[in-house]
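Below is one structure, written out as structure tokens; the observations come after it.
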Amino acid sequence: MKIEILRGKEHIGGNIIKITAGETVILLDCGAMLPKIGEEKREDDFDISSIGRVDAVFLSHHHGDHSGLIEKLPKETALYASPETVGFMDHCDLYLGKNLRTGKRAVHGLFDNERVQVGSLFVTPFRAKHSAEGAMMFLVEGEGKRILYTGDFKESDLYAGKLDLLITEGTMLTRDGGPYRDEDDVEAALRRLMRKTQGRIFVLTSSANIGRIRSVIGARNAVCPDRIGYPYLSGEGETPRPIMQDVFLKYTLENTGHSDLAAPYAFISHKFDTAADQAYDRIAKHYCDTGTAASCRRIAAFSRAVVFIRASMTSMLQRLMEGGMDVSEDVLVFSMWRGYEEDNVVKRLVDLFKDRGAKIEYVHSGGHAERETLRAFIENCRPKNVVCIHSENAENIRSIAGEARVLEESVIEL
């Protein structure tokens, strides 16, 4: 069996791993490179044809640094992924009016501990805890060899038996995990924050982080349970802390099996053209026509709302503040990796709130295994060999690899 780490050895993101057994070739992930913090985003120019023929690609999860290049693969390449991964990608593409990345190719759903066969290789997926719902690890077996690829994960008690090779992520080998261990810690912190804050709670987080969205809404429901419903549009009375989401987040939640997290009403974060044929314009118009969306000015009308935002909304929020929305009693919850503070777009948003007198609170638990968790995982797996990828310094794996032999090469023959 031949394993080629095509990308991901010396950086976080862009994972592409090729496994060949006889005539069978599969990829584990097909990710695009992440732009460096502070640099302008640009298209990944990786030459996908350099990989050669591939029978199937197995996606560990939907994050772009693991799935971003699958649209460049030939349509004959079958796709294997969890239903959550496929669903999120499809609905993002539909909203943006893009061609489906899953379109015109065979798509196979993966389920926990249900082994599938591609040619001479057997792949068993295992559910993994990560900030992307439906994330999976893959056990690949063939030619008498067993390989486990972790993808991205936060914690796991998986014991996969005798392993010839463990390919593990190492994101946190160079990062501090921070004070919040998991989503329970995050929700508890948000409860405390909501109790002591008089104004709005703006939450800067990823629309794809379902666990975080659930923590925010769970904290709000614990502190301010609905007593009179959601008078978001009528303005007749005010529920203690109405949940406010933009059209994209509401649409995503409703179409990926999380309607329980979708707010009854959404705000429009961009101007849309009712005559345009853009998908996001049609979706925004649909919500307006059905009375389940309104202008972003509604944010200013509710002084104690919990508002989900993204950095791309800075101009909208600035207009509201210039129009009289006072945020001096409000809090911006920064619920992302703090490295993003160096991103120019994110920095502009944070500075806007600071300049207007809002308080900034950092409440975040990452989706990656911290050093001691990774050490325990390797010890539990007891692999003969280990390769670290998805890390800013893969060499750091040596200090926690135990008895496993650390391999540095990108091409491995087993």
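Just so you know, residue 1 is the first one in the sequence shown, and it goes up from there.
- Two residues are said to be in side-chain contact when any heavy atoms from C-beta on lie closer than 4.5 Å; Thr205 and Phe308 meet this criterion.
- Remark: Glu141 engages Arg115 in a salt bridge, criterion side-chain N to carboxylate O under 4.0 Å.
- Residue Leu332 forms a side-chain contact (heavy atoms from CB on, under 4.5 Å) with just one option from Ile309, Val307, Leu317, and that option is Ile309.
- For Arg212 and Ser335, the side-chain atoms include at least one donor-acceptor pair closer than 3.5 Å.
- Judged purely by atom type and a 3.5 angstrom limit, Arg200 uses its side chain to pair as donor or acceptor with the backbone of Ile299.
- A cation-pi contact, defined as under 6.0 Å to the ring centre and within 45° of the axis, links Arg7 to Phe46.
- Looking only at side-chain heavy atoms (C-beta outward), His130 and His61 come within less than 4.5 Å of each other.
- Annotation: side chain of Thr168 is in contact with side chain of Phe153 (closest heavy-atom distance under 4.5 Å).
- For Arg338 and Tyr362, the positive end sits near the middle of the six-membered ring, less than 6.0 Å away and at most 45° from its axis.
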Chi angles and distances behind the side chain to side chain contact (heavy atoms under 4.5 Å, CB included) call for Leu352, Met321: CA-CA 9 Å; Leu352 173 65; Met321 293 178 197; 3.8 Å; yes

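- The existence of a salt bridge linking Lys285 and Asp281 is excluded, since no basic side-chain nitrogen approaches an acidic carboxylate oxygen closer than 4.0 Å.
- At least one side-chain heavy atom of Tyr251 sits under 4.5 Å from a side-chain heavy atom of Tyr287.
- Side-chain contact check for Ile217 versus Ile243: some heavy-atom pair is nearer than 4.5 Å.
- For the pair Arg298 and Phe267, the cation-pi test (distance below 6.0 Å, angle within 45°) is failed.
- The only option from Ile26, Ile147, Val118 that meets the side-chain contact (heavy atoms from CB on, under 4.5 Å) definition with Val123 turns out to be Ile26.
- Inter-residue side-chain proximity for Arg175 and Thr171 is flagged as met; some heavy-atom pair is nearer than 4.5 Å.
- Donor-acceptor pairing under 3.5 Å is recorded for the side chains of Ser60 and Asp29.
- The residues Glu84 and Arg127 are annotated as salt-bridged, a charged nitrogen and a carboxylate oxygen being separated by less than 4.0 angstrom.
- At a cut-off of 3.5 Å, with distance as the only test, a side-chain donor of Asp90 or Thr102 sits close to an acceptor on the other residue.
- In this model, no donor atom of one side chain and acceptor atom of the other lie less than 3.5 Å apart for Ser207 and Thr252.
- Residues Arg297 and Leu320 are in side-chain contact: their nearest non-hydrogen atoms beyond the backbone lie under 4.5 Å apart.
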Acceptor/donor pairs from residues 405-414 side chains to any protein atom, 3.5 angstrom cut, sequence neighbours excluded:
residue, atom, partner, partner atom, Å
Arg405, NE, Asn385, OD1, 3.1
Arg405, NH2, Asn385, OD1, 3.2
Glu408, OE2, Arg398, NH2, 2.7

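- When all heavy atoms of Arg310 and Asp246 are compared, the pair lying nearest together is NH2-OD2, 2.8 Å.
- Inspection of the Thr373 and Glu155 side chains reveals no N or O donor paired with an N or O acceptor under 3.5 Å.
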